[in-house]
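Just so it is clear: chains get the letters A, B, ... in the order the sequence lines come, proteins before strands, and each one is counted from 1.
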Protein chains: 2
Amino acid sequence: MAKLQKSIDKRNALVKATIELVNNNGFHATPMSKIAKMANVSPATIYLYFENKQDLVNQTYIDVKAEYTNYAFADFNPNMPIEEGFEMIWKRIADFKLKECEHAMFLAQCDNTPMIDEESRQEGIKHLQPLLDLWERGKKEGVIKPLSDYILYAYAINPLSFLMMTQKRGAFTLNKTHLEEAYQSAWSSIKMCK
Amino acid sequence: MAKLQKSIDKRNALVKATIELVNNNGFHATPMSKIAKMANVSPATIYLYFENKQDLVNQTYIDVKAEYTNYAFADFNPNMPIEEGFEMIWKRIADFKLKECEHAMFLAQCDNTPMIDEESRQEGIKHLQPLLDLWERGKKEGVIKPLSDYILYAYAINPLSFLMMTQKRGAFTLNKTHLEEAYQSAWSSIKMCK
DNA sequence: ACGGCAAAAATGAACGTTCATTCTTTTTTT
DNA sequence: AAAAAAAGAATGAACGTTCATTTTTGCCGT
């Protein structure tokens, strides 16, 4: 195997182990030694790929955030009609949160905790721009309520995080019907009433 | 001062310090020694009031959760009309999340992290029953959409957590108008359409 | 009202452990 | 065989918790 690929594999294994351990035990209870063990690597090797523990968790956050937004916008193009574009993005996000729920959970933990440096948090936010642009256009066309982006996000997207979390805790399971209901709630909370 | 009151004061100081330090630094970076210092107490004294660090954070969670729900339901009575009751609870919750945002932030961190024992988490959920009862009644009367409680919560209540968090990060500030818009979004996402 | 005393509460220092990180040596690659 | 990558053992600091003492409290007979 090529040298470069081996390096990439090792880095990925470390990121993967970080996600899994932080999800299950929390940041406070995931020592570098455990991360190393789960990635089949010596603790010292981590420091060839990352500066320190903080850097490891920051980079893991940015990696996962990029994966999330790539997934969300994969089939989207900025010229779609507003409602169609929103539905596509919403459903991709829902898909991601349910299929890659380990990753979504990790993001939820990072986003509600001071465990990520502010700089990395900002870096992560940037990738969401296409959705904000869509909303901007929607407001101009009179299709989307003229609300702050934060309020739109709070009502249209964020509920999915809560549902993902609840499902992960085993309290209930989202089926196709739930998801359609949730989408309707999301859309009706941001669309202009006629 | 009475002996009992002194004990209560000391316990409260410890809980308060825990909230503040965990909010600012995260659980992983708040040692018992710092909690003790902030509460003006010796580290050893903590162990007269709490079994260990885990017990301290569990009890802090339950305390704050109880305060939250007491606040939310303070003026509510179960015989109110559905919409009036919901508006009252919603606005009290919004009030709490904005005025006591340190406490709300602490809850958000606990709820997205494995830092609280499952048992204490369950304990905290119980207090929400009056809202679930109101929704139950609303569904029977055909005023509230017949959705799972989790979906109702996701769309009607949880967005407030996101807005509180965003505001706390300084990204934007919620004013009276925003709040009224948010309430309308919340209500319209759960009310039966006519 | 008060001095003295036993119990309770509180303390600071100490303990053993665990952790993030580094150092030295070994293994792998080119 | 030189250079790069990886390893395991070592290091020093920091942590949660406990221990031996000291301080405070509440109560008693006077």
>> If I take atom CG in residue B:Asp55 and atom C1' in nucleotide D:dG16, what distance separates them, rounded to the nearest angstrom?
In response: 14 Å
> Within 45° of the ring axis of B:Phe73 and under 6.0 Å from its six-membered ring centre, is that where the NZ or CZ of B:Arg92 lies?
Replying inline: no
> Between C:dA20, D:dC15, C:dT11, which one does the side chain of A:Tyr47 approach most closely?
Replying inline: C:dA20
>> How many whole angstroms separate atom CG of A:Asp9 from atom P of D:dA6?
In response: 11 Å
>> Taking CD in B:Glu118 as the centre, count heavy atoms belonging to other residues, nucleotides or ligands within less than 6.0 Å. Is the count above 12?
In response: yes
> With side chains defined as the heavy atoms from C-beta onward, is the minimum distance between B:Gln59 and B:Arg11 less than 4.5 Å?
Replying inline: yes
> For B:Ile46 and D:dT18, what is the distance between atoms CD1 and P respectively, to the nearest whole Å?
Replying inline: 12 Å
> Nearest-Å distance, OH (A:Tyr49) to P (C:dT21)?
Replying inline: 18 Å
> Taking the inter-plane angle between the rings of A:Tyr183 and A:Trp90 on a 0 to 90° scale, is it parallel (under 30°), tilted (30 to 60°) or perpendicular (over 60°)?
Replying inline: perpendicular
> When you measure from the side chain of A:Leu48, which nucleotide among C:dA10, D:dA7, D:dA5 comes out closest?
Replying inline: D:dA5
>> Of the listed nucleotides (D:dT17, C:dA10, D:dC15), which one gets closest to any side-chain atom of B:Pro43?
In response: D:dT17
> Does A:Ala29 or A:Ala44 map to a spot on DNA chain C nearer the 5' end, using the closest nucleotide for each?
Replying inline: A:Ala29
> Which whole-number value in Å describes the distance from A:Lys53 NZ to C:dC19 P?
Replying inline: 9 Å
>> What is the separation between atom NZ on B:Lys37 and atom P on C:dT11, rounded to the nearest whole Å?
In response: 14 Å
>> Does a side-chain N or O of B:Ser42 approach OP1 or OP2 of C:dA10 to a distance below 4.0 Å, or not?
In response: no
>> Output the rounded distance in Å from CZ (A:Phe50) to C1' (C:dT22).
In response: 18 Å
>> What is the separation between atom NZ on B:Lys34 and atom P on D:dC15, rounded to the nearest whole Å?
In response: 7 Å
